[in-house]
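The structure under discussion appears below in the form of structure tokens.
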Amino acid sequence: MNRLARLRVEDIQAWVGEVHLSDRKGQTAYYIPVLNQVNPEVFALQIHCLEGEILSWGDETVTFPLMSVIKPFLLLYLLTHLGEDAVFRRVGKQASSYPFNSLTQLQEDCGFPRNPMINSGAIALTDLLAGETPESRCENLLLWLNEMGNCQLFLDHSVLDSVHSYPNAHNQALSLELEKNGYISHRYLALETYNRICCLSGKIADLANLGKLILASSFAEIILEIMTNCGLYEASQQFALEVGFPTKSGVSGALLSIVPKQGAIACYSPLLNEQGNSILGLNLLTYISRWMELNIR
């Protein structure tokens with residue numbers, strides 16, 4: 001029985017009301033100016049069940065960059081095109097107790113990225129994308145996702161310009177360490193490709209459709225395990241124990257959660273906690289998990 005399909009808009013409305021006050025305690029991503037300027041009250045949720053049911057709440061028209069939520073789809077693309085051996089020679093599958101942009105973690109691991117969901121891992125994987133330039137590499141991924149995922153992602157140049165306006169010293173240090181240890185061939189090419197794919201943007205329906213793309217993939221088990229262990233950075237383990245959904249967050253406030261064999265939950269709410277995860281999104285997932293009686297506590 002698909003319990004997710006039995007959710008009602010009235011349930012979501014009640015839960016949003018209950019968690020909204022706590023959501024106000026967060027902050028937007030201050031280090032990317034265009035993200036820091038978004039309306040903190042904006043909210044969108046869409047649930048796509050495998051049988052076809054769709055539940056929506058909030059602003060279905062708002063567009064937002066995926067930011068780190070692109071990482072599972074970068075992984076999916078490369079697994080599909082290159083296979084497991086090629087991908088996991090470049091990046092591991094282990095969780096990290098450090099923040100998503102930690103140079104310390106990368107140095108402790110001798111330059112080998114711990115997993116594909118942290119910045120070092122995703123930067124390393126961009127080096128495997130086909131194309132001679134960051135533009136062509138991003139375009140190849142974009143076209144494939146739109147075709148396979150039945151969505152309409154686009155590169156938001158205003159977000160990309162904002163990313164460029166505030167050079168990210170953490171990511172520059174990560175790319176230098178990766179290049180030094182032979183895990184990327186050219187740090188500018190890898191880092192600029194990473195910047196571009198993080199600025200791929202869409203609506204809440206696009207993100208939910210992409211979630212179903214993972215579920216339909218032959219690599220779903222691998223990707224969902226990595227999302228469970230690594231998708232919320234250092235908060236992943238606790239969230240897995242309390243909620244149990246494989247989940248990936250982005251500093252835009254985007255959040256994608258997969259309910260295996262049932263469907264995908266896409267959420268957008270830009271106020272973040274100190275780990276860089278959407279507060280309202282995580283709270284809603286907790287309510288949904290409890291309602292579905294999936295949390296194991």
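Bear in mind the structure is a predicted one, so any value in this text is a computation, not a measurement.
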Quiz question: by atom type and distance under 3.5 Å, do the side chains of Asn119 and Asn101 form a donor-acceptor pair?
no
Hydrophobic clusters here meaning ILVMFWY residues chained together by side-chain heavy-atom distances under 4.5 Å, can you tell me if Val34 and Leu200 are in one?
no
Ignoring hydrogens and angles, tell me if any N or O in the side chain of Ser136 forms a donor-acceptor pair with the backbone of Gly131 under 3.5 Å.
no
For the pair Ser162 (side chain) and Val159 (backbone), establish whether a donor and an acceptor sit closer than 3.5 Å, ignoring hydrogens and angles.
no
Ignoring hydrogens, what is the shortest heavy-atom contact between Tyr30 and Gln27? Give both atom names and the distance.
CD2-NE2, 3.9 Å
For Leu174 and Ser102 the tightest heavy-atom approach is CD2-O, 3.4 Å
Interatomic spacing from CG in Leu215 to NZ in Lys212 - rounded to 0.5 Å:
9.5 Å
Drop me the distance from Asn150's CG to Leu210's CG, to the nearest 0.5 angstrom.
9.5 Å
Over 60° means perpendicular and under 30° means parallel, so classify the ring planes of Trp15 and Trp291, tilted if in between.
perpendicular
Heavy-atom donor-acceptor pair, Asp156 side chain to Cys199 backbone, under 3.5 Å
no
Would you mind listing every salt bridge (charged side-chain N to carboxylate O under 4.0 Å, His left out) that reaches into residues 183-193, with sequence neighbours excluded?
Glu179-Arg187, Glu192-Arg196
Could you pull out the closest heavy-atom pair between Ala124 and Pro113, with the gap in Å?
CB-CG, 3.8 Å
Assess the residue pair Ser56 and Gln46 against the criterion (side-chain hydrogen bond (donor to acceptor under 3.5 Å, both in side chains)); give the C-alpha distance rounded to whole Å, side-chain angles, the decisive distance to 0.1 Å, and a yes or no.
CA-CA 4 Å; Ser56 297; Gln46 197 160 110; 2.8 Å; yes
Look only at the side chain of Thr247 and the backbone of Phe245, and say whether a donor-acceptor pair between them is shorter than 3.5 Å.
yes
Shortest non-hydrogen pair, Leu285 vs Ser257, comes out as CD2-CB, 3.6 Å
Kindly write out the residues that satisfy side-chain contact (heavy atoms from CB on, under 4.5 Å) with Thr80, not counting sequence neighbours, or none if the list is empty.
Leu76, Trp144, Phe219
Within this structure, what is the CD1-CD1 distance for the pair Ile47 and Ile204, rounded to the nearest 0.5 Å?
10.0 Å
Heavy atoms from other residues, nucleotides or ligands near CD of Glu53 exceed 12 (cutoff 6.0 Å)
yes
Taking atom CD of Glu10 as the centre, report whether more than 12 heavy atoms of other residues, nucleotides or ligands fall under 6.0 Å from it.
yes
Should Leu35 and Ile197 be regarded as members of a common hydrophobic cluster, given that ILVMFWY residues are connected when their side-chain heavy atoms come within less than 4.5 Å of each other, either directly or indirectly?
no
Roughly how far, to the nearest 0.5 Å, is the CG atom of Leu66 from the SG atom of Cys198?
9.0 Å
Working to the nearest 0.5 Å, report the span between CG of Asn195 and CG of Leu191.
5.0 Å
Joint cluster assignment, Ile288 & Leu50, ILVMFWY side-chain distance < 4.5 Å
no
In terms of side-chain heavy atoms, does Thr28 have a donor or acceptor partner in Asn36 at a distance below 3.5 Å?
yes
Is the ring centre of Phe100 less than 6.0 Å from the ring centre of Tyr233?
yes
Whether the side chain of Thr126 engages the backbone of Ala190 through a donor-acceptor N/O pair (distance < 3.5 Å, no angle test) should be reported.
yes
Same cluster or not: are Leu256 and Leu213 linked, directly or through other Ile, Leu, Val, Met, Phe, Trp or Tyr residues, by side-chain heavy atoms under 4.5 angstrom apart?
yes
When you group the ILVMFWY residues by side-chain heavy-atom contacts below 4.5 Å and let the links chain together, are Leu103 and Tyr183 in the same group?
yes
When you measure from the side chain of Asp127 to the backbone N and O of Ser185, does any donor-acceptor pair fall under 3.5 Å?
yes
Taking Arg90 as the fixed residue, which of Leu178, Leu128, Leu78 is the one that meets the side-chain contact (heavy atoms from CB on, under 4.5 Å) rule?
Leu128
Strictly distance-based, threshold 3.5 Å: is any side-chain N or O of Asn277 a donor or acceptor partner for the main-chain N or O of Asn273?
no
Between the CG atom in Leu55 and the CG atom in Leu4, the distance rounded to the nearest 0.5 Å is 8.5 Å
Would you say that more than 12 heavy atoms from the other residues, nucleotides or ligands in this model lie under 6.0 Å from the CD of Glu108, or not?
yes
Correct closest heavy-atom pair for Ile184 and Ile123 would be CG2-O, 4.0 Å
Check side-chain contact (heavy atoms from CB on, under 4.5 Å) between Ala122 and all other residues, then give those that pass, not counting sequence neighbours.
Lys71, Leu74, Tyr194
Residue pair Pro65 / Ser252: nearest heavy atoms and the distance that separates them:
O-OG, 2.7 Å
